[in-house]
Protein chains: 4
Amino acid sequence: MVSFNRVIVAGNLTRDPELRFTGGGVPVCSFGLAVNRVRSKNEEVDFFDVSAWRELGETIANYKKKGDPILVEGRLQYRSWEAQDGSKRSKVDIVADNVQFLGGRGDGEGGGQSGGQSGGRRQSGGRRDDVDLNEEDFDDIPF
Amino acid sequence: MVSFNRVIVAGNLTRDPELRFTGGGVPVCSFGLAVNRVRSKNEEVDFFDVSAWRELGETIANYKKKGDPILVEGRLQYRSWEAQDGSKRSKVDIVADNVQFLGGRGDGEGGGQSGGQSGGRRQSGGRRDDVDLNEEDFDDIPF
Amino acid sequence: MVSFNRVIVAGNLTRDPELRFTGGGVPVCSFGLAVNRVRSKNEEVDFFDVSAWRELGETIANYKKKGDPILVEGRLQYRSWEAQDGSKRSKVDIVADNVQFLGGRGDGEGGGQSGGQSGGRRQSGGRRDDVDLNEEDFDDIPF
Amino acid sequence: MVSFNRVIVAGNLTRDPELRFTGGGVPVCSFGLAVNRVRSKNEEVDFFDVSAWRELGETIANYKKKGDPILVEGRLQYRSWEAQDGSKRSKVDIVADNVQFLGGRGDGEGGGQSGGQSGGRRQSGGRRDDVDLNEEDFDDIPF
DNA sequence: TTTT
DNA sequence: TTTT
């Protein structure tokens, strides 16, 4: 059964990153990303929601803010739920497992990569495997 | 201004591809893609909508059907609209610019790649530049 | 300082995978990959050398053989050395961190993904961090 | 027959880009790219050779210089030849089909994307299809 | 042959 | 809900 899922996007944060924690204490960072469409005469933009877990999420929350350019490598995630009116809703967003800070002025600030699997500290109550972390781990709906 | 947008996913068609035409006669093929989450104990699946334009779309419509495995390279596309009840809605899907047919039995059938930029015939009324093609080109809402 | 390195290639093994071990007992699997050039009239082929470490390498060595189709996600690696005649030589190859087995006949055999970071057992004498593993860990030159 | 070949790398030019022309007058730009290995304690670097054809190559030659940061999307290319001493030699490099200029200081300079398939002017004697362009088109060996 |  |  074939299965592959890889996304690489670069753009600018549409808002300051928000850091939250699952019930088990695992950090997750959320932010919006604006990616301008290239060779589009009408200035179109694609907007995506991105989440980053654990140390990667903490790094982004600590160093990035609205407007900053960033490159995100990750996977596409589909989620569905039932709306208040009973209708079916769904959403596709990006789960980062690697980011690259862009936009350093001159040679200085800005650059630097932050990988998701580079060990990093584990929150005491944290689960070991990202792929099983989802909305059930949150006290309330996180998206 | 930094800008990059690349997606590579492989999975199986969730339905037969549907081929439609813009008002200007440009073919566009739509299909659903199911990508099984790897290393997920609970058999999770991500579902995406994919569209493919012009000759690439025609090739997919001609050769692929529900259940077939496929690899899609493309870009993520964001679209927003106002729902009937006046609420704001949005959607992220994939625009293919290259696909690879997978799943040949033995060494034989199945394989074969179809690129989007390989010339291909142009519908007489077609526009030249994909990036400007959008819902306005359709007689009615296509998604 | 910007830094990004990602490769995704699919093709067929040009030889049976070879499994070796570093001095510290870390498994490393090597194989050749043939990727046919698409839309090339003259049947051109690109040939690459690929290595896969630890459990990922063992899985490939156990399940794949010459001719099998495979998708490899990894990074490009540059290495240089001095030839016997004193001249400078260098080589670019691929280090896999994820593979997808392709080519199942029908729906059955073949498929299945093997990630590099999925824990996996550690050889007792193994080092913890791939990025520091290199030719010095080998008893003799492995490439 | 499965076939896929995609590379995305970001780093700094190791030398000024060099613009040459095939016998048929098609521009081709060559440059070196240094990609620093992330999470490597010993400051390792991967060095790659990149070529870019036609308008994309001209744009790089016109705007980029040694040291500049750049993101390159393309494909891996294998080439082999016989050395003067009769021995077999080969090389793997990158053919760009899209680049993203990085490293704007502040919000200003630097950014901007240059795609390979965006029409662009054709040199009068140029051939239409990159995939058939190769060393035979050159007056002398270009690599 | 090498960049920050 | 939106960035440069």
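Only this structure's heavy atoms are used, side chains among them; waters, hydrogens and symmetry mates stay out. Quick note on labels: first sequence line is chain A, next is B, and so on, each numbered from 1.
A:D49 comes within 4.0 angstrom of a nucleotide base, judged by non-hydrogen atoms across all strands. Residue D:V35 is out of contact with every strand shown, counting any heavy-atom pair closer than 4.0 Å. In this structure, A:G67 reaches the sugar-phosphate backbone alone: every heavy-atom distance under 4.0 Å involves primed, P, OP1 or OP2 atoms, never a base. Residue B:Y78 is in base contact, counting any heavy-atom pair closer than 4.0 Å across all strands shown.
When the P atom of E:dT4 is taken as reference, atom CD1 of D:I70 falls 14 Å away, rounded to whole Å. When the P atom of F:dT4 is taken as reference, atom CZ of A:F101 falls 17 Å away, rounded to whole Å. F:dT1 atom C1' lies 13 Å from atom CG of A:D16, rounded to whole Å. Atom P of nucleotide E:dT4 and atom CG of D:L13 are separated by 10 Å, given to the nearest angstrom. The separation between D:E44 atom CD and E:dT3 atom P is 17 Å, rounded to whole Å. The distance from atom CG of A:L33 to atom P of F:dT2 is 15 Å, rounded to the nearest whole Å. For C:K91 and E:dT2, the NZ to P distance is 21 Å, given to the nearest whole Å. In this structure, the CE atom of C:M1 is 14 Å from the P atom of E:dT3, given to the nearest Å.
Classified by interplanar angle (parallel below 30°, tilted 30° to 60°, perpendicular above 60°), the ring pair A:F47/B:Y78 is perpendicular.
Annotation: salt bridge (Lys or Arg N to Asp or Glu O under 4.0 Å) contacts of A:R15 (sequence neighbours excluded): A:D49. In this view, C:N5 satisfies the side-chain hydrogen bond (donor to acceptor under 3.5 Å, both in side chains) rule with no residue, not counting sequence neighbours.
Among the nucleotides F:dT1, F:dT3, E:dT3, the one closest to any side-chain atom of D:A34 is E:dT3. Each of F:dT4, F:dT2, E:dT2 was ranked by its minimum atom distance to the side chain of A:N12; first place goes to F:dT4.
Between the base of F:dT3 and the side chain of A:N36 there is a donor-acceptor pair shorter than 3.5 Å.
The only option from B:I8, B:L33, B:I94 that meets the side-chain contact (heavy atoms from CB on, under 4.5 Å) definition with A:L76 turns out to be B:I94.
The phosphate of F:dT1 has OP1 or OP2 within less than 4.0 Å of a side-chain N or O from B:K88.
Of all the heavy atoms in A:P27 and A:L19, the pair that sits closest is CB-CD1, 4.1 Å.
With centroids closer than 5.5 Å and planes inclined by less than 30 degrees as the test, D:F47 and the base of E:dT1 fail to qualify as a stacked pair.
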